[in-house]
Each structure stands twice: as structure tokens, then as C-alpha cells.
Amino acid sequence: MTLGHTAVGTPANEAHSTAVTPLFSYRKFWAECLGPAPFLPTSREEMDLLGWDSCDVIVVTGDAYVDHPSFGMAVIGRVLEGQGYRVGIIAQPKWHSADPFKILGKPNLYMGIAAGNMDSMINHYTADRKRRNDDAYTPGDAAGMRPDRAVTVYSQRVREAFNDVPIVIGGIEASLRRIAHYDYWSEKVRRSVLLDSRADLLLFGNAERAIVELTHRLAAGEAISTLREIRGTAFITRGIEPGYREVRSTDVDNLGPVEDHPNPYEGMAPSQCDTDEVADDSVQAVRIMPAKNPAASVIRIPSFEQVRDDPVLYAHASRVLHKETNPYNALPLIQGHGDRDVWINPPPIPLETEELDWVFELPYARRAHPHYGEAKVPAFEMIQHSVNIMRGCFGGCTFCSITEHEGRIIQNRSEDSIIREVERIRDTSPSFTGVISDLGGPTANMWRLACKSKEIEAKCRKLSCVFPGICKNLNTDQTPLISLYRRARAVPGIKKVLIASGLRYDIAVETPEYVKELVTHHVGGYLKIAPEHTEDGPLSHMMKPGIGTYERFKTLFDTYSKQAGKKQYLIPYFIAAHPGTRDEDMMNLALWLKQNKFRADQVQTFYPSPMATATAMYHSRHNPLKRVRRTNDTLPVVDKLKQRRLHKAFLRYHDPENWPLLRDELKRMGRRDLIGNGKLHLVPSRDPPKRHRVVRENARPFATQHTGLPGRPGKRKK
């Protein structure tokens, strides 16, 4: 990658060059002379103590203000402070009027708005759409401190407070709603959040590059309406931007050879349009000749109205969106919404190691704002002694939003920077007992793993580097990670370094020495991992490896645990009701669990989060992992509450509360042979006496896995 400067006002055919300005190479804004604040101000009184008459940028967030690099508002605030700007924080404002949004006054440049580290709807509701009674990102774990669809509500209140102030939205909630998307809670396709929020600009993914360029250009006097080529941004427009040439997504298979830009459907394109292709009366099949310069092309995906009314077009649009996520070859996308268009630029270029080090070593206070007093923020309590070593995930699991939000190209911190953070925790945290609770990130063991060829990586359009098998071009050597673990646990004052992030066991087995290091020194008795299922049908729609890979990892785990003289156990996690799952698949999974003497305490039902590939499967009953045709077989989808409960019941086959339901289902399936009191039976033929029954409360589902944030509460293992 070339590190350079993208000039302001670049023509369309050069606007999405991979040349970028390093985060620390911009000329600092004048307020740099004021120095860093102990905490970014949350009130006028704090601004007065800092000697500020106004804020340049104000960030509104649905989370409590914790000044720590695992909290998005703190990262954005400190990054902008590091560029010389005065940044204020409005955390969890009461949203019933505009007054709480005026507490810091009018910002000089813009208001930035995010729902928080979690999507507000996933934060509020279980997979069964039941209201949660807690919120780990709020002091005291209190619920109800943010609205449903927080980005939209906050934006509307800010517009009431300051009608002429630009609004920039971002974070996981905005990121995954940047196009028309299926909304599980209302059971309909909603339009892009840009229109509902009336925001001027949306930032998606890790936003440091975009937010820094945006802020410097606004400070230089440019209007936000002119900032159209910044990577990682989306905005409302009318028609094609000047200098671009439109290509319809439904016609892209008819394109001739395009210079330096692989066909988005490479390997799947027919010689001519098939009559059963997605194109129909609503999308005219017109042969499009390639543009002379592919960088000046934009792909038009089916409009909001079309994907709202046609599930097949929804699946097609989802497929095209996910094919255009490699920052080194992605083209812009455009989607109509009535008489307006949503324009989505290519993703941001990943941060280089020295840039990521800079972001994580900014002067965070590393604790919750003092005005919360003794109240604890559970999410912070969980991650305060953990260290994030990387970003991104190349796994591409269809139900998870980590890859969609952070990208599949891994961004790595340096070993020295990681060790400095370990030492900082040791030296500054009053509650530190010598145990680093996690050394990981979105995944535990992808640090420094990447494609062996930059040229191949720049052209690749695969959605996963490890499915259906590990790509031959992927470097899987985890020797550097072993070295990091050993150096971290050798730091004076460190008693133990645990690994609690999601572990890709299919990669771990490629370096047995890594598994030995992990098992011998970094497991606290139990290691949670997520095979997700045992049957090939569901696994293929999740893009997860077969259960045989789990068995291989378990053999290594048990062997090295025995060598270390430790009794340690694997705790596998599984998903019920994922698209592509039949009742028979869940029955076979339950039999596997019983055979292996597993009794799941907490279980997860598939949660259709916005923009996920699995959500497109759930809504459309088509598989976007393959070329979408109207004649394709439809997927089995578990969308009825009764069947979803059945699939959960199979995972908890040992719970007497589930036995009546399972017996009825096994009889319907013709599997009465699984009912009885023997070792080979799944459920007993009779219920226990009522006095012996124990009614268990439903455990909180692991919905937070969709946030893609390190160390979050309820984080599941991959």
C-alpha cells in the first residue's frame, strides 16, 4: 500500500485510490496547544475548567462514557483530540426533548452520533423479541437509558436543537443499516438509516481515516455537501455523481473484460443472460459495455422499493454488497430510495500497524467518567484488564457482523505497543490483580495472519479465507503469536495472561505448538469455542468448518492439557434455528451432545441482525453465497416461534421442561426409538414428578456477538 495524500477535489477516476494520508501526518488544528483533557468534557462546567469556549465536535452516544479504547466514542474523541480538536461527549442523553442535546452548546464543525458499542435493538431485545431488563453499557446495568433505533432518534433531536449543524452518523448501528435492510423487529425491509435520520453523512466500519479527513476538510472551510469521495462514507444524492458511469448489478455478468478490475461474479458468469436470472420486468436487462476506467464505475443495486417487494432481489442486492467489500478492488454502490439515491463509497483502507498503535496509545483515562460515582459499568468491568491486539476477521461467518463492520483484512498492533499497554494496566489500574483477562480482539488468533501475496489480496473477492477450506494463499503460521504470549506473561507483575476472545480452532490446529502454548499457559480451566453445529447443511450456510475440525482440535487440547498436568475442558457453543437448518439437523446435534455428555446451560437462537448474509437467507429463503436465480431451491428457514422453540429445546434436551415438546416432535418425525430411559435414548418416556422439577430462567442470549467489538459482555467463541 502506498502512503500518500489524496488531494481534495480529486476527479472520480482517481477518487478511490488506495493512497492515503497516515493518521499522524496531518497538520494539527490550532487547539492542539490546549493539550489533552483528563476526560473529554460532558458538561459546560468541565468545558470551563479546560478553558474552552466551545467544542469543535460533539459526539452523542448511547453508551455510558468510558474513556477506554474498547469504547467507540472514546476512540473517536481521542483520535480527533490527537488531531488538535476540542471534542465533547453527550452520553446517554434523555431523548424526549432536544434540550439535553444542547448541554455543550453548538459545535463549530458537526455533531457525531452513534448508538454505542451495540446495535440498540439487539441491546434491547432477545432473539425471541422479548425486552431485556439490563444493559451492560449503562452504569448499574440499568435498562432503558437509550431509545430503540438510537441513531435515528438522536439525529432527529439534534436536528431540532441545531438545524444548521451537520450531522455525521456512525458506529455499528449506522454501519449495518447503510442500505435498505431487513428489520427483524418490525418484520419488514426498512430504508437506509440515512433517510430516517436525515444525517448529512454516514461513516461505516472502523472510521478513523474517514473522521480525520472529514474533520480537517470541514475545518478548512469545505461544505459537508461537497465531501463525496471519502472512503467508508455514504450519503444521499440524486443521480450519479459527476465523472462516474453506472453499471446495473443485474447486468454485471454481461460485462466484457474490465481492465484491472475482476468481475464481481468471477467464476460464476454465464456467456449470456440466463432467462431465470434475477433480472425481470422491474430491472431491464441491458447489455452494458465496460467503462474505459473502471475506477469511474458505480454499481446500481436494486432500489429500496424493489428489494422491499421482491425477496429474490433482496438476496441479490445482499450478494453484490458483500462482493464489494475488499477495499482494494471495491466499486461504489448506489441504491434508489424514491426520487433520491444512497451512494456508498468503497470501504476504508485498513490502518497500518504504526497507525493502529497510535490510536490505542492515545491518552485514555482507562476508566468510566467520574460523574458516575461508585456505579459500575459491567461492560467496562469485563474488559478493563484486557488488551486488544488486532482488528478484523477473515472468517466471514454469515450470522456475524464482525467481518461486515471491521473488514476481513487483519489490522495488527505491534508487539511493543501491546506490551506497553499490559504494563500500563499493571501500573495504573487500582483493581488489577496481576491477571490480564484477554489478549485478543474480534478473534484470538488472527494476529499477523494475512494473504501471502499483496497482489492476490488486492484482487480477491472471496467472502472468507477459511471456507470451504483454508485458502492456500493464507499464511496460518501462529509462531509470532506464541512469541507475543510468552513475552506478555514474562512482564514483571503479570501472574497470568488469559485468552478469552473467539478462537478459530480451524486455524489453531495448523500450528500445534500454538495450541500447546495456549493450553499450557493461557486457559483458566475452561475454553469456550463455537463449532456452532454438527451437520453439514447448517454449517455450509454459516460458512463454518465441519465438526471433524473441532474433533481434531479437541484431541490436541486434551493431549496438551494432560501433558501440562491440568484438568481442562472445552465448552462448545451452538446455534439453533439458523437458516438452512432442518428439524432433523437439530435432532442429530442433540444426539451428538448427549453422546459427548454435553449439557448446554446457555443456548443461542439465530438472531437476524441487519445486513448479515444469514439475515438475507432468513428473509428471502435464498442463498446469496451462490448466484441468485429465481429457479434456485429455497432454503429451510425457521421463522415461526414454535419451531424456533423446538430447535432451542433440542439444544437443551436434558431439561425436563422440554421433554413433552421433544417427545411430540420425535413421534412426528418417526423417531420413537429415541424416546426411553436407556443410554441411547434422547429423552425419557415420562416426565419427572413435579416436585423434582427445576424451573430455569432463560439465560441471556449471546446477541452481542454481532457487535464485532473486543471483550464485550457475553462474547462468544468462534
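When a residue number appears, it is its place in the shown sequence, counting from 1.
Heavy-atom minimum distance, Ala150 versus Ser120: N-OG, 3.2 Å. Of all heavy-atom pairs between Pro347 and Phe204, the closest is CA-CE1, 3.8 Å. Closest approach of Met586 and Ala577 over heavy atoms only: SD-N, 4.5 Å. Residue Ser609 comes nearest to Thr615 through the heavy atom pair O-OG1, 2.6 Å, listed as atom of the first residue, atom of the second, then distance. In this structure, Met73 and Ala64 approach most closely via the heavy-atom pair CE-O, 3.4 Å. In this structure, Tyr550 and Pro572 approach most closely via the heavy-atom pair OH-CG, 4.1 Å.
Between the Arg645 side chain and the Lys640 main chain, no donor and acceptor come within less than 3.5 Å of each other. Remark: side-chain polar atoms of Tyr184 are paired, donor with acceptor, to backbone N or O of Ala127 under 3.5 angstrom. Using modelled atom types, one side-chain atom of His522 and one backbone atom of Val497 make a donor-acceptor pair closer than 3.5 Å. A donor-acceptor pair is defined here as one N or O able to donate and one able to accept, closer than 3.5 Å; no such pair exists between the side chain of Asn388 and the backbone of Ser70. One N or O on the side chain of Ser175 and one on the backbone of Gly205 form a donor-acceptor pair closer than 3.5 Å. A donor-acceptor pair is defined here as one N or O able to donate and one able to accept, closer than 3.5 Å; such a pair exists between the side chain of Ser155 and the backbone of Val151. Formation of a donor-acceptor pair under 3.5 Å by the Asp438 side chain with backbone atoms of Ser386 is not found in this model. Under the 3.5 Å distance criterion, the side-chain polar atoms of Lys496 are matched with a main-chain donor or acceptor of His521. The closest donor-acceptor contact from the side chain of Glu173 to the backbone of Asp119 lies at 3.5 Å or more, if one exists at all. In this structure a side-chain-to-backbone donor-acceptor pair under 3.5 Å is missing from Asp135 to Asn123.
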Exercise answer: donor-acceptor pairs, residues 89-97 side-chain atoms, under 3.5 Å, sequence neighbours excluded:
unit_1, atom_1, unit_2, atom_2, d
Gln92, NE2, Gly62, O, 3.0
Gln92, NE2, Thr138, OG1, 2.7
Ser97, OG, Asp99, N, 3.4

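Contact annotation: the side chain of Ile76 never approaches that of Val57 to less than 4.5 Å [non-hydrogen atoms, C-beta and beyond]. Residues His578 and Met542 meet the side-chain proximity criterion, which asks for heavy atoms closer than 4.5 Å. Contact of the Thr613 side chain with the Met543 side chain is not registered, since no non-hydrogen atoms from C-beta on lie closer than 4.5 Å. The shortest distance between side-chain heavy atoms of His181 and Leu176 does not fall below 4.5 Å. Using a 4.5 Å heavy-atom cutoff, the side chains of Val435 and His385 are not in contact. The closest side-chain heavy-atom distance from Gln411 to Pro350 is below 4.5 Å. Leu439 places a side-chain heavy atom less than 4.5 Å from the side chain of Ile499.
Legend: side-chain hydrogen bond (donor to acceptor under 3.5 Å, both in side chains) pairs involving residues 418-428, not counting sequence neighbours, sorted by first then second residue: Glu361-Arg420, Arg366-Glu421, Arg413-Glu421. Residues in residues 63-81 take part in these salt bridge (Lys or Arg N to Asp or Glu O under 4.0 Å) pairs, two or more places apart or across chains: Asp63-Arg146, Asp67-Arg78, Arg78-Glu81.
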Check against side-chain contact (heavy atoms from CB on, under 4.5 Å), Tyr65 and Tyr372:
CA-CA 9 Å; Tyr65 174 29; Tyr372 297 125; 4.0 Å; yes

Worked verdict on Ile425 versus Val422 for side-chain contact (heavy atoms from CB on, under 4.5 Å)
CA-CA 5 Å; Ile425 292 172; Val422 170; 5.8 Å; no

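Ion pairing between Asp506 and Arg504 holds under the 4.0 Å rule for side-chain N and carboxylate O. Using a 4.0 Å cut-off between a side-chain N of Lys or Arg and a carboxylate O of Asp or Glu, Arg149 and Asp196 do not qualify as a salt bridge. Under a 4.0 Å N-O distance rule, the pair Asp655/Lys648 does not qualify as a salt bridge. Using a 4.0 Å cut-off between a side-chain N of Lys or Arg and a carboxylate O of Asp or Glu, Glu657 and Arg652 do not qualify as a salt bridge.
When each of Leu463, Thr398, Thr403 is tested with His322 by the rule side-chain contact (heavy atoms from CB on, under 4.5 Å), just one qualifies, namely Leu463. Each of Ile113, Leu104, Ile167 was compared with Val60 under the side-chain contact (heavy atoms from CB on, under 4.5 Å) criterion, and only Ile113 meets it. Shown are Tyr573, Tyr569, Phe557; of these, the ring pair (Phe, Tyr, Trp, His ring centres under 6.0 Å) with Tyr526 is made only by Tyr569.
Remark: His371 engages His369 in a ring pair (Phe, Tyr, Trp, His ring centres under 6.0 Å) (not counting sequence neighbours). For Glu45, the side-chain hydrogen bond (donor to acceptor under 3.5 Å, both in side chains) partners at least two apart in sequence or on another chain are Ser43. Contacts of Glu208 classified as side-chain hydrogen bond (donor to acceptor under 3.5 Å, both in side chains), with partners at least two apart in sequence or in another chain: Arg391.
Interatomic distance, Asn445 CG to Leu518 CG, rounded to the nearest 0.5 Å: 8.5 Å. Going from atom OG1 of Thr443 over to atom CD1 of Ile402 covers 7.5 Å, rounded to the nearest 0.5 Å. In this structure, CD1 in Ile211 is found 14.0 Å from CZ in Arg209, a value given to the nearest 0.5 Å. To the nearest 0.5 Å, the span separating CZ on Phe574 from CZ on Phe650 amounts to 15.0 Å. Between Phe399 atom CZ and Gln604 atom CD the span is 7.0 Å, to the nearest 0.5 Å. In this structure, CD1 in Ile389 is found 10.5 Å from CG in Leu356, a value given to the nearest 0.5 Å.
Side-chain contact of Tyr125 with Arg131: a donor-acceptor pair under 3.5 Å is present, judged by distance alone. Between the side chains of His647 and Thr581, no donor-acceptor pair of N or O atoms lies under 3.5 Å. Tyr154 and Ser197 share no donor-acceptor pair across their side chains, judged by distance under 3.5 Å alone.
Geometrically, Arg157 does not engage Phe101 in a cation-pi contact, judged by NZ or CZ lying under 6.0 Å from the ring centre and within 45° of the ring axis.
Classified by interplanar angle (parallel below 30°, tilted 30° to 60°, perpendicular above 60°), the ring pair Phe553/Tyr505 is tilted. In this structure, His619 and Tyr182 have parallel ring planes: the angle between them is below the 30° cut-off, well short of the 60° mark. Aromatic ring pairs are classed by plane angle as parallel below 30°, tilted from 30° to 60° and perpendicular above 60°; the pair Tyr618 and Phe606 is tilted.
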